[in-house]
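The structure under discussion appears below in the form of structure tokens.
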2 protein chains.
Amino acid sequence: MNLAPEYKARLDEALEHSGQRSTKQREHIFSVLLEKRDHPTADEVYARAREGMPSISLATVYNCLETLIETSLIRQVNFEREPTRYCPNLTNHAHFYCRESGEIVDIELPDELIGQLMAVLPEGFSASHIDIAYDGKCNCCHD
Amino acid sequence: MNLAPEYKARLDEALEHSGQRSTKQREHIFSVLLEKRDHPTADEVYARAREGMPSISLATVYNCLETLIETSLIRQVNFEREPTRYCPNLTNHAHFYCRESGEIVDIELPDELIGQLMAVLPEGFSASHIDIAYDGKCNCCHD
DNA sequence: GCAATAATTAGAATAATTCTAAAAAAGGGC
DNA sequence: GCCCTTTTTTAGAATTATTCTAATTATTGC
Ligand SMILES: [Mn+2]
Ligand SMILES: [Mn+2]
Ligand SMILES: [Zn+2]
Ligand SMILES: [Zn+2]
């Protein structure tokens with residue numbers, strides 16, 4: 001429910017830089033995401049956000065999430081047709097979706113691997129982003 | 001609008017193998033996907049399918065697509081929150097989404113690269129599938 | 001051909017997300 | 001601190017892709 005000053009500064013700077021205002025809702029949503037980094041859906045963010053801010057609306061949760069994405073403070077993660085999930089980890093990483101437990105785990109990716117993925121693109125293609133999603137069974141769910 | 005005998009055989013075998021019946025709708029949808037391999041959405045498949053089979057319903061298009069996916073004759077492709085797209089290319093490949101033109105291009109991936117992606121998973125994780133989606137600018141849309 | 005089973009169909013229902021327009025809050029100048 | 005302008009929040013309606021439902025139709029094995 002409270003944003004460490006380091007993150008508060010990061011948020012304010014990013015908002016300022018994009019000409020948007022700092023509000024307690026934006027701050028709160030950011031803190032909710034940082035607190036439990038388990039890739040919650042918008043509904044889950046909404047439920048958690050209401051604990052510390054009962055009057056916040058779902059529309060605002062969506063608005064804040066979008067603002068945080070626009071300002072590159074978080075990213076969104078999609079698995080097939082499932083509801084979008086949100087992730088405050090800004091490092092190069094892929095996502096592993098466990099079909100058993102439903103858990104989503106960050107998989108750190110060496111820069112070199114990203115480089116190889118870029119290298120495999122045909123002449124004339126340039127990618128600004130690569131999205132990598134594994135699915136299978138995580139360590140907790142193995143026999 | 002017509003399914004090459006090679007594909008017809010593949011379809012029939014896959015359906016038989018999963019205990020499902022061969023129907024003209026399933027055959028038709030499969031042929032629509034094979035004919036123009038541009039990753040159409042369900043709506044686009046529906047529009048194309050009606051040209052040769054005006055009485056087909058959208059529900060059937062969805063049903064057939066699901067059957068084809070279940071029997072591994074096609075795969076589905078998702079980009080962020082966009083409608084699901086369908087792809088009859090069963091080789092190891094990633095998808096490149098051009099932000100400019102909206103085009104979706106298959107990117108063939110060497111097995112070795114898939115191997116490296118698997119190797120990067122932590123101990124105890126096993127993935128049955130990796131989904132790789134690039135986005136950026138394709139060759140046609142470059143300056 | 002006939003019964004049993006599976007597939008197709010139209011339309012209703014669902015669910016995540018986006019939109020709308022009114023009310024509230026922020027920030028800058030005084 | 002107060003006023004004005006602009007931005008943000010809010011509740012609820014609207015949208016859109018997809019799934020569900022229940023009735024009709026087609027397929028298969030006998
Ligand atoms: Mn993540
Ligand atoms: Mn493809
Ligand atoms: Zn698991
Ligand atoms: Zn392009």
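Below, each value reflects all heavy atoms present in this structure, side chains not excepted, and no hydrogens, waters or symmetry copies.
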* Please determine if a side-chain N or O atom of A:T23 lies less than 4.0 Å away from the OP1 or OP2 oxygen of D:dT8. => no
* Asked: Between A:T60 and D:dT9, is there a side-chain N or O to OP1/OP2 distance below 4.0 Å?
  -> no
* Asked: Are side-chain heavy atoms of B:K8 and B:S22 found at a separation under 4.5 Å?
  -> yes
* Answer yes or no: is there a side-chain heavy-atom contact under 4.5 Å between A:D131 and B:F79? => no
* Return the minimal non-hydrogen interatomic distance between A:A127 and A:M118, and the atom names on each side. => O-CE, 3.6 Å
* To do: Indicate, with yes or no, if the rings of A:Y97 and A:Y134 have centres closer together than 6.0 Å.
  => no
* To do: Report yes if some heavy atom in the side chain of A:V120 is under 4.5 Å from a heavy atom in the side chain of B:P110; otherwise report no.
  => yes
* Structure fact -> Here the distance between atom C1' of C:dA16 and atom CG of A:L65, to the nearest Å, is 13 Å
* First of A:A59 and B:S22 reached from the 5' end of DNA chain D, by closest nucleotide -> A:A59
* Side chain of B:T84 (C-beta onward), nearest among D:dT9, D:dT18, C:dT8 -> D:dT18
* **OP1 or OP2 of C:dG27 under 4.0 Å from side-chain N/O of A:R21** => no
* When we call it a touch if two heavy atoms are under 4.0 Å apart, what does B:T41 touch: a base, just sugar-phosphate, or nothing? -> nothing
* Asked: Within the pair A:Q25 and D:dT10, is there a side-chain N or O less than 4.0 Å away from OP1 or OP2?
  -> yes
* Just how far, in rounded Å, is P of D:dT15 from CZ of B:R81? -> 19 Å
* Nearest-Å distance, CD (A:E16) to C1' (D:dT7)? -> 15 Å
* **side chain to side chain donor-acceptor pair (under 3.5 Å) evaluation trace for A:R75 with A:H93** => CA-CA 11 Å; A:R75 23 187 293 211; A:H93 71 281; 3.3 Å; yes
* Answer with base, sugar-phosphate or nothing: what part of the nucleic acid does B:T67 contact at a heavy-atom distance below 4.0 Å? => nothing
* So how far off straight is the helix from C:dG1-D:dC30 to C:dC30-D:dG1, going by the axes through five pairs at either end, to 10°? -> 40°
* **Contact nearer the 5' end of DNA chain D, comparing B:D43 with B:K24** => B:D43
* Which one, D:dT10, C:dA7, D:dC20, comes nearest to the side chain of A:N63? -> D:dT10
* Rounded to whole angstrom units, what separation is found between the CD atom of B:E80 and the P atom of C:dT18? -> 11 Å
* **Nearest-angstrom distance from the residue atom CG of B:L58 to P of C:dG11** => 12 Å
* To do: Specify the separation, in whole Å, of atom CG of A:L15 and atom P of D:dT9.
  => 10 Å
* Asked: Expressed in angstrom and rounded to an integer, what is the separation of B:M53 atom CE from C:dT8 atom C1'?
  -> 11 Å
* Asked: Within the distance-only criterion (no hydrogens, no angle test), does the side chain of A:S101 pair as donor or acceptor with the backbone N or O of A:E103 below 3.5 angstrom?
  -> yes
* Structure fact -> Closest to the side chain of B:Y62, out of D:dT19, C:dT17, C:dT9, is D:dT19
* Asked: Quick one: does B:I132's side chain get under 4.5 Å of B:L117's, heavy atoms only?
  -> yes
* To do: Return the value, rounded to whole Å, for the distance between atom CZ of B:F30 and atom C1' of C:dA7.
  => 19 Å
* Are A:R26 and D:dT8 close enough that a side-chain N or O sits under 4.0 Å from OP1 or OP2? -> yes
